[in-house]
There are 4 protein chains.
Amino acid sequence: MRDIVRVGREVFSERGYERATTTEIAQRLGISEATVFTYFRGKRELCLRVITEWYDEIIAAIAAGLPRHKSVRAQLEFIVATHLRLFLVHGTGMCALVLSEGRSKGPSDLGDAVLPLQRRYTAPLMDLLARGQASGEIRADVPLRLLRPLVFGPMEHILWEAVATQRRIDIDATASTMTELLWNALRAPSAELAALRAMRSELGAVLDRAQAG
Amino acid sequence: MRDIVRVGREVFSERGYERATTTEIAQRLGISEATVFTYFRGKRELCLRVITEWYDEIIAAIAAGLPRHKSVRAQLEFIVATHLRLFLVHGTGMCALVLSEGRSKGPSDLGDAVLPLQRRYTAPLMDLLARGQASGEIRADVPLRLLRPLVFGPMEHILWEAVATQRRIDIDATASTMTELLWNALRAPSAELAALRAMRSELGAVLDRAQAG
Amino acid sequence: MRDIVRVGREVFSERGYERATTTEIAQRLGISEATVFTYFRGKRELCLRVITEWYDEIIAAIAAGLPRHKSVRAQLEFIVATHLRLFLVHGTGMCALVLSEGRSKGPSDLGDAVLPLQRRYTAPLMDLLARGQASGEIRADVPLRLLRPLVFGPMEHILWEAVATQRRIDIDATASTMTELLWNALRAPSAELAALRAMRSELGAVLDRAQAG
Amino acid sequence: MRDIVRVGREVFSERGYERATTTEIAQRLGISEATVFTYFRGKRELCLRVITEWYDEIIAAIAAGLPRHKSVRAQLEFIVATHLRLFLVHGTGMCALVLSEGRSKGPSDLGDAVLPLQRRYTAPLMDLLARGQASGEIRADVPLRLLRPLVFGPMEHILWEAVATQRRIDIDATASTMTELLWNALRAPSAELAALRAMRSELGAVLDRAQAG
DNA sequence: CATGAATGAGACTTCATTCAT
DNA sequence: AATGAATGAAGTCTCATTCAT
């Protein structure tokens with residue numbers, strides 16, 4: 001039954017919900033199609049299980065590895081890198097599956113069940129952003145509602161492009177660069193000014209001492 | 001035949017490629033299903049046409065309205081706003097359709113035909129970014145390959161969220177805010193450097209005066 | 001499409017709803033199974049149509065031939081004979097089909113749609129009984145609710161037995177005998193009362209003589 | 001194993017043979033589906049057992065309670081009342097099951113095995129009618145083959161109607177009325193006259209004694 | 001040109017039944 | 001004796017597509 005979920009993940013992520021067939025899942029496992037239905041009430045339920053388990057993995061990975069003692073920027077980079085890594089390992093098919101089917105209003109209607117998962121999935125980032133805003137490191141004049149897509153959106157596109165072009169990407173380098181870019185967008189503008197002013201003050205002090213010397 | 005494309009766009013964007021049926025398209029038009037096949041070799045070709053025309057509209061809209069005489073930042077904001085507007089007007093179904101089906105590897109395989117369209121579609125932005133890099137306004141130490149998803153990714157997420165939550169969004173305000181955020185990420189750090197250099201000059205002058213004193 | 005209904009009637013009446021298959025219906029007609037679904041949304045709807053048309057035929061036959069100018073008893077005999085005839089011609093499978101499926105609460109749930117038909121179907125008899133009660137020919141001290149099964153119930157059993165034993169029956173003779181039997185049950189006990197009254201009169205006379213004696 | 005038959009009766013009578021599933025029977029008992037097949041060769045055999053036991057109960061109930069010392073009419077009323085009672089207690093599902101499946105010609109083919117049961121089941125009535133004919137109380141000019149359905153047919157319809165309309169019925173009152181109706185149909189026409197004559201004779205005798213007194 | 005009619009291919013699903021343990 | 005696991009066979013239904021008219 002674990003096998004069915006495993007192969008189910010393969011097929012659903014390769015083909016999407018509609019084009020995936022229970023026939024293919026059974027064939028890849030060398031079992032009868034009926035066996036699939038012994039363990040899952042139907043295609044929809046199997047797919048739901050596949051999605052749920054996949055979300056659980058990511059959520060667990062983020063929760064386990066997030067370096068909470070480090071800076072907000074470092075935690076952001078961890079989240080970005082981890083997402084890139086997990087998605088690339090598991091194939092971006094899952095990404096597409098979730099994004100496409102998670103919002104459909106067809107008979108499959110995975111949407112309702114997927115929504116809470118998505119919330120748990122984005123929770124660590126939302127939490128991080130909120131903490132950053134509270135500490136003044138992240139600009140608070142833009143609602144989280146707009147900051148979240150700023151982080152997840154680009155990752156998704158990068159992943160899809162990586163798959164479409166079949167090109168290997170350097171995950172750490174990409175994560176590092178993206179974090180650098182995103183950080184510029186996210187951090188409080190005042191922080192820059194504050195930093196400069198601090199520098200100027202310090203310089204002034206140095207100069208004063210120099211002049212005095 | 002124009003009608004078929006028009007209604008095709010409706011149905012494909014509402015249902016996605018797989019769940020859309022030629023039956024429904026014909027029914028909505030009050031014509032025979034066979035008539036659809038008189039004009040289009042098949043479902044796939046019709047969908048391709050729908051996607052193509054939709055891309056053409058966006059490309060044309062961008063090309064026609066892009067304020068080339070204004071600043072790079074202003075042009076960026078125009079592109080962001082225009083995208084949000086067009087997607088929201090036409091329904092985000094088209095967005096999902098293109099994103100989901102444009103990358104699938106099924107028998108429908110719209111991918112190959114869609115790729116060049118996507119290139120044309122992203123061309124204005126790519127061009128703008130390249131010009132920005134050339135003029136020094138946009139940081140050149142990050143490849144366009146990474147800058148592009150930074151722009152399109154968030155827009156997509158914002159749109160999907162808008163649809164999922166059924167919430168109306170203020171397009172201009174959102175575009176303005178997003179541009180502000182993105183610009184911080186995109187603009188050349190040279191601005192900062194310039195400021196630092198200016199400070200250094202000032203500092204040098206001060207030092208000179210100090211020495212002279 | 002008429003053919004599909006015709007063969008559908010055959011198969012449904014031979015096999016019952018559950019055991020009838022769309023495959024068999026298509027095969028008997030030498031057409032594709034899909035064709036069946038071109039004309040009928042599903043098995044259930046086809047079966048409904050079969051039942052409806054069959055009811056319509058019987059209802060029409062009764063309505064057309066009922067000798068309204070003759071006596072109530074004669075009309076009763078007509079109804080009995082007509083029923084026996086139609087059921088035996090069309091096979092009692094239809095009878096079983098209607099009786100079995102018309103009351104089921106399964107997924108097929110033909111019940112709701114069949115109920116009004118049954119009402120129309122029994123209407124002529126109900127009407128006749130009511131008229132008989134009004135005219136005093138049929139006993140009015142028993143509700144129609146109990147008189148109706150008295151007529152239809154035996155016919156059904158006779159038919160089933162005829163089919164089960166594969167024995168040919170003389171329809172007119174059977175109808176005649178059954179009517180004779182039923183009539184004794186249905187007719188107003190006034191005849192008996194008359195006899196009793198006569199007896200009372202006679203008795204009175206006897207008593208008178210006795211007293212006189 | 002007794003449990004399997006008991007629950008089997010429930011499920012078969014609720015759903016009918018085709019719609020009943022071994023899965024459901026096992027589930028209601030909280031046992032494995034395979035266990036059912038440990039005790040019964042298959043669904044068909046289990047159903048046969050269910051029907052057999054049910055018939056046995058009815059046959060026994062009739063045999064045990066039949067008031068052989070009372071009049072033929074009283075015995076008829078007992079049979080009618082007992083049937084109504086047993087069917088309504090056990091649910092009319094059994095009635096439908098027997099009637100529908102007992103005559104089908106499918107792969108399940110319960111028919112052959114059920115036929116002898118039905119014979120035993122109708123035997124008490126047949127016997128009673130025969131005795132009635134012999135004693136002159138029941139008209140002998142109509143074969144039993146036609147008298148039997150006259151009794152069982154109406155009962156069946158009454159039962160089905162009771163189930164269809166979900167209406168509770170007064171069993172004794174219904175049995176009484178039905179017997180009254182049926183008796184009019186069954187009794188020998190001459191019997192009426194004979195009864196009246198007997199009454200007159202008796203009366204005459206009484207009167208004679210009165211006059212003599 | 002438009003279409004009514006037909007259909008091949010295949011999807012999901014159900015279920016009685018088997019068998020090794 | 002009881003069962004967990006598996007499945008063959010079959011069923012209903014969908015849908016893009018064809019073709020004669």
Side-chain angles (χ1 to χ4, degrees), chain A residues 1 3-4 15 17-26 29-47 107-108, chain B residues 1 4 15 17-27 29-47 107-108, chain C residues 1 3-4 15 17-27 29-47 107-108, chain D residues 1 4 17-27 29-47 107-108:
Chain A
M1 204 204 63
D3 290 337
I4 296 175
R15 303 239 187 277
Y17 182 80
E18 298 293 343
R19 276 196 276 270
T21 68
T22 52
T23 306
E24 180 170 9
I25 293 170
L29 282 165
I31 62 174
S32 159
E33 211 172 337
T35 306
V36 175
F37 289 89
T38 302
Y39 292 97
F40 299 93
R41 214 169 301 160
K43 183 188 183 182
R44 186 182 159 284
E45 194 173 89
L46 173 55
C47 186
S108 67
Chain B
M1 204 206 57
I4 296 175
R15 305 234 186 281
Y17 182 79
E18 297 295 339
R19 280 195 271 266
T21 67
T22 53
T23 306
E24 181 169 8
I25 293 170
Q27 272 178 348
L29 282 166
I31 63 174
S32 159
E33 209 172 340
T35 307
V36 175
F37 287 85
T38 305
Y39 289 100
F40 298 93
R41 207 169 307 155
K43 183 187 183 183
R44 184 181 161 284
E45 194 172 86
L46 172 55
C47 186
S108 67
Chain C
M1 205 205 61
D3 289 336
I4 296 174
R15 304 240 185 277
Y17 183 79
E18 298 293 342
R19 278 196 274 270
T21 70
T22 52
T23 305
E24 180 169 10
I25 293 170
Q27 273 176 349
L29 282 165
I31 63 174
S32 159
E33 209 171 340
T35 305
V36 175
F37 290 90
T38 302
Y39 292 97
F40 299 93
R41 213 169 302 160
K43 183 187 183 183
R44 185 181 159 284
E45 194 173 88
L46 172 55
C47 185
S108 66
Chain D
M1 203 205 60
I4 296 175
Y17 182 79
E18 297 294 338
R19 279 197 270 268
T21 66
T22 53
T23 305
E24 181 169 8
I25 293 170
Q27 272 178 349
L29 282 165
I31 63 173
S32 160
E33 211 172 339
T35 305
V36 175
F37 288 84
T38 303
Y39 290 98
F40 299 93
R41 209 171 306 158
K43 184 186 182 182
R44 183 181 162 284
E45 194 172 88
L46 171 56
C47 186
S108 68

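- Between the C1' atom of E:dT14 and the CD atom of D:Gln27 lies a distance of 13 Å, rounded to the nearest Å.
- Residues passing the side-chain contact (heavy atoms from CB on, under 4.5 Å) test with B:Thr21, sequence neighbours excluded: B:Thr23, B:Glu24.
- For DNA chain F, the contact window with chain C, defined by any atom under 4.0 Å from a protein heavy atom, covers F:dG11 to F:dC15 in 5' to 3' order.
- Residues meeting the side-chain contact (heavy atoms from CB on, under 4.5 Å) test with C:Phe40, sequence neighbours left out: C:Met1, C:Ile4, C:Val5, C:Glu45, C:Leu46, C:Arg49.
- Of all heavy-atom pairs between A:Glu18 and A:Lys43, the closest is O-NZ, 3.5 Å.
- If you measure from atom NZ of D:Lys43 to atom C1' of E:dT14, you get 11 Å, rounded to the nearest angstrom.
- Within the 4.0 angstrom heavy-atom criterion, only backbone atoms of the sugar-phosphate kind lie near B:Ala20; the bases stay farther away.
- Counting all heavy atoms, side chain and backbone alike, C:Cys47 lies closest to C:Tyr17 at SG-CD1, 3.5 Å.
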Both distances under 3.5 Å, Watson-Crick or G-U wobble: on that basis, could you give the dot-bracket string for DNA chain F, with [ ] for crossing pairs and | for other-strand partners?
-> .||||||||||||||||||||

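- Summarising the geometry, the separation between CD on D:Glu24 and P on E:dC15 is reported as 10 Å, rounded to the nearest angstrom.
- For DNA chain F, the neighbouring residues in residues 29-41 of chain B, judged by any heavy atom under 4.0 Å, are B:Glu33, B:Ala34, B:Phe37.
- Note: C:Thr38 OG1 to C:Ile31 CD1 = 8.5 Å, rounded to the nearest 0.5 Å.
- For B:Glu33, there are no salt bridge (charged side-chain N to carboxylate O under 4.0 Å, His left out) partners at least two apart in sequence or on another chain.
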